[in-house]
Amino acid sequence: MTSRVTEVELEGLLREALHATGTGARWAVEADEMWCRVTPGAGTRRDQGWKLHLSATAASAPAVLEKALGVLLREESPFKFARSLDQVSALNSRATPLGSSGKFITVYPRSDAGAARLAHELHGATAGLAGPRILSDQPYAVNSLVHYRYGSFVGRRRLSDDGLLVWFIEDPDGNPVEDQRTGRYAPPPWAVCPFPATVPVVPRAAEGGQGADGSREARGAGAPVLLGGRFAVREAIRHTNKGGVYRGSDVRTGALVVIKEARPHVEADASGHDVRDWLRTEARTLERLRGTGLAPEPLALFEHGGHLFLAQQEVPGVALRTWVAEHFRDAGAERYRVDARAQVGRLVELVAAAHAHGCVLRDFTPGNVMVRPDGELRLIDLELAVLEGDAARPTRVGTPGFSAPERLTGAPVSPTGDYYSLGATACFVLAGKVPNLLPEEPATRAPEQRLAAWLSACAGPLRLPDGLAEMVLGLMKDAPAERWDPARAREALRRADRDDPVTGKPEDSKGSKGSQAGNVGDAVTVNVGGTVARPLAHPTPGTASAAGADDIAVGVDEAVAGIVDHLLDAMTPADERRLWPVSTMAGETDSCTVQQGAAGVLGVLTRYWELTGDDRLPELISTAGHWIAHRTDLSSTRPGLHFGGRGTAWALYDAGRAVDDDRLMAHATALALAPQQSTPHHDITHGTAGSGVAAVHFWHRTGDPRFAELVVDAADRLTAAGRRDRSGVGWPVPAEAASPEGGTGYLGFAHGTAGIGCFLLAAAAVSGRPEHLDLAVEAGEHLRDQAVLTGEAAHWPARSADPPTAAYWCHGAAGIGTFLVRLWQATGDDRFGELARRATHAVTERASRAALAQCHGLAGNGDFLLDMADATGDPVHRTAAEDLARLLLGERAHRRAQVVFPNEYGDVSTSWSDGSAGILAFLLRIRHADPRHWMVQRPVRAAAGLSPAH
């Protein structure tokens, strides 16, 4: 039977087995894209209990399934299996989350005794077949494909205190407990294990004093894990499905080492090759490069507990990715420009030297280059490298954005793939990132042309000499044969040095393009395959450019129309779970919320209708509003603006008001007045401050005194909850809260002091009570004390005493500046206004490095700049916001008549926080001078009678 299975679906094996056993009538079979589910017609299924998982490789999966079916079809326990060999490979990929990896077959036994019996029979039936260890489970026996864990049998989910949907089981008293799906076997303490205790728990090598096979090595209490009898593990650098990477020392010499682990059968192909072969390749490559100074010195390749390990010399320093993150401050600052240019030169020489030693790297990225303390570079993670003379299997494994496109489709090994990666890595160093250019449909713009447009948008603020942008584009050409080699890149760097007023002398004393690159208003023109790609204009701060304004208007109008078309097309009212598709890479929320649900999209589309009168919108707004209303509970709502019911009510009320739907407004009002669940959070997104902001909005919309009472109540509770220490006032999550954030106090807008202070300002205008304004001012003073001033910029840590974080709305300068400019307006205190101005520098200096969205990206940062423009009347802030819009538009992708954008994970999402809705909101403000979403729109007047300073 198995000989007839190739790269096709495994479902046919089930059909054959059902026919051969004559049991087809007893089983119901359902299939989706991933799983084939097999359920007996009789019996009652349990909600939770001990379940079994069987692993397999792409090569062994047909045999494993065939043997398992011989056992399972005699029973009455439901089970499921991955439908195809491609799905099996995906489950075993090195990138698969640890809690999901390896689970080819899942069995849901009808009783604990049945689980033990089935495990025994399945172990015997599949003995000797290949499959990876399942990290979330306990192996039934040594080298067994059968594993077990206690967990949920059905898809029961609930919202956690952090507003994310989590799987849950119930304890013996019926209380919900999260069913944590991690890479560690951790049964609940009340679950009695029915399986024989023949195999010890197997923690990871660096965390529990046991080897990879679970055997405890002879050592003293508290002594480090010893691998291969020689290498003492000190700490884990990271854990992935393919194995861990550890820091340690050589007990023979005392030298510091890095130890890499490869688990059997991970990333296994149909021929049986897996990540252990990759590690052997890395060992051979390090031997080839021994003594060259290009890579770590190899020490030992050895097996331990069935896993393969490679010990190598530790390279001091940080990965290039980290070096850029730590050093990329003011992109126009001379020091970074000089340092970045020097690093690009070293990268070119590094690739050239590797090729000279007969090594094609195949995975040259900022994560695989170490920067030593002296600035020199070293290659690391050479597991995909190919040595001259070796027969190399094409692979689709690589790093999106840095691997050449043909590499990810299995093209033959070629140095030209490394040229592309060199260009991408140089781009990362110079601009802070490589743009995520999603595929277009149809592909009317070549990727290199899209990259040129993005680089042009970066070039002015970054002050890139012409030669550097040209070099990046030359190295990253679409056609492999046309890519520049390191020698040509080296010559381009020499020309850039000569022409750059910072790193060299201009060739033309009268001034060339290169000699003028230091002026913010200058444009860089890049030749792309014979086509001249001209950048959008970058006006000098404080001035306006008519041409630039026309360019941004056209680009924004096109993007707005395309985003709206996408949102209209993507809405699915018949779907009971989601009205619009969203990314769930960072977790899944309630389907109706502002943050990641339908309310966020509805709120922006409502504003679009009010601004444009697009006659397609009223019916859509009504349909979406009632879809949301049908799924909201008026008896009890979650607090918070972005994750809670108050934000949903806000969106519903404004939608009903826009389309004259009294029923929708009535439901929204009832939802806004509904009792709230208790919460440990005080912040805008999840807690009291967010509910209070929504109440202020309803008070302004309706004049209903009940909302004024809710505002005052929220402000009073925050007054009582504030905690003071030597650093100032804050609102930490209570330490006893059932939340991973327990005891944590944040400074930013989404989760901390800035957002709470902003609500208190608005509350003071409603309550007329000076203590609310005084507390807002106290919050502002605390944020002044926490500011980290670097040049003209002000940065903040996410928490007191942390290093400064990125300048986003969620935790950083964009959100904190959003509060400070309003505090300045309310009090007239120029100290807050000056700090808000400094926050704009933090936002603009890292712009080319930023993601695109509201929560962590250009849209939220641009909204802050527009707030500053509105508050100060200074056109420099609107010009800066338009520059951010240009960068954002540089990463758009056209799909038919629609426009989409990548989120931080490379997904397309419609949500407010990380998707198209939040981007649309910012672009609407660029074109229509529209008030900011989810903020109190009425001008704030402090209770003490102070007017805005300007």
Side-chain angles (χ1 to χ4, degrees), residues 317-350 365-367 369-377 422-435 454-472 489 492-493 496-504 514-522 524 538 541 788-796 803-808 812-813 838-851 858 861 880 883-884 887:
V318 297
L320 181 61
R321 182 180 297 279
T322 303
W323 184 89
V324 171
E326 292 176 347
H327 290 77
F328 197 94
R329 295 287 188 265
D330 181 355
E334 311 304 359
R335 178 173 178 179
Y336 186 78
R337 290 185 66 213
V338 172
D339 289 349
R341 159 63 188 84
Q343 291 292 34
V344 171
R346 293 187 184 106
L347 290 168
V348 171
E349 299 306 326
L350 194 62
T365 76
V369 175
M370 289 292 289
V371 183
R372 288 170 46 91
D374 60 6
E376 293 301 313
L377 306 181
L422 172 60
T425 303
C427 179
F428 183 86
V429 171
L430 294 169
K433 77 171 186 180
V434 176
W454 183 81
L455 275 174
S456 294
C458 296
L462 290 173
R463 300 169 61 195
L464 287 179
D466 292 2
L468 294 187
E470 186 182 11
M471 180 200 70
V472 168
L493 288 173
D497 278 351
R498 290 194 299 266
D499 294 347
D500 193 318
V502 176
T503 60
S515 67
Q516 298 299 314
N519 296 326
V520 174
D522 289 342
V524 177
H538 293 272
V788 179
L789 305 182
T790 306
E792 281 292 299
H795 294 272
W796 282 266
T805 190
Y808 296 144
R838 283 177 172 262
T840 66
H841 286 274
V843 163
T844 56
E845 71 187 14
R846 301 186 184 190
S848 63
R849 182 168 165 74
L858 294 173
N861 291 4
D883 282 341
L884 265 59
L887 282 172

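Atom CG in Leu455 sits 12.0 Å away from atom CD in Glu470 (nearest 0.5 Å). Rounding to the nearest 0.5 Å places CZ of Phe328 at 5.5 Å from CG of Leu462. The CZ atom of Arg849 sits 5.0 Å away from the CZ atom of Phe428 when rounded to the nearest 0.5 Å. Going from atom CZ of Arg341 over to atom CZ of Arg346 covers 10.0 Å, rounded to the nearest 0.5 Å. Separating the CH2 atom in Trp323 from the CE atom in Met370 is a distance of 14.0 Å, to the nearest 0.5 Å. Here the CZ-NZ distance, from Arg321 to Lys433, works out to 12.5 Å after rounding to the nearest 0.5 Å.
Tested against Thr425, the residues Val434, Leu347, Val324 include a single side-chain contact (heavy atoms from CB on, under 4.5 Å) partner, Leu347.
The two residues Glu792 and Arg838 have their closest heavy-atom pair at O-CG, 3.2 Å. Of all non-hydrogen atoms in Gly345 and Leu493, the two that sit nearest each other are CA-CD1, 3.7 Å. Residues Ala793 and Ala842 approach most closely at CB-N, 3.7 Å, considering heavy atoms. For Gly467 against Ala496, the heavy-atom pair with the smallest separation is CA-CB, 4.4 Å. In terms of heavy-atom proximity, Ser848 sits nearest to Trp454 at O-CZ2, 3.6 Å. For the pair Leu887 and Cys458, the tightest heavy-atom approach, listed with the atom from each and the gap, is CD2-SG, 3.4 Å.
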Let's go through Val344 and Leu430 carefully: what are the C-alpha distance in whole Å and the side-chain angles of both, what is the deciding distance for side chain to side chain contact (heavy atoms under 4.5 Å, CB included) to 0.1 Å, and is it a yes or a no? CA-CA 8 Å; Val344 171; Leu430 294 169; 3.9 Å; yes

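Between Asp883 and Thr844 the shortest side-chain heavy-atom distance does not fall below 4.5 Å. Inter-residue side-chain proximity for Gln343 and Val371 is flagged as met; some heavy-atom pair is nearer than 4.5 Å. Contact of the Val429 side chain with the Leu320 side chain is registered, since non-hydrogen atoms from C-beta on lie closer than 4.5 Å. Residues Thr805 and Trp796 have side chains not in contact (no heavy-atom distance under 4.5 Å, counting atoms from C-beta outward).
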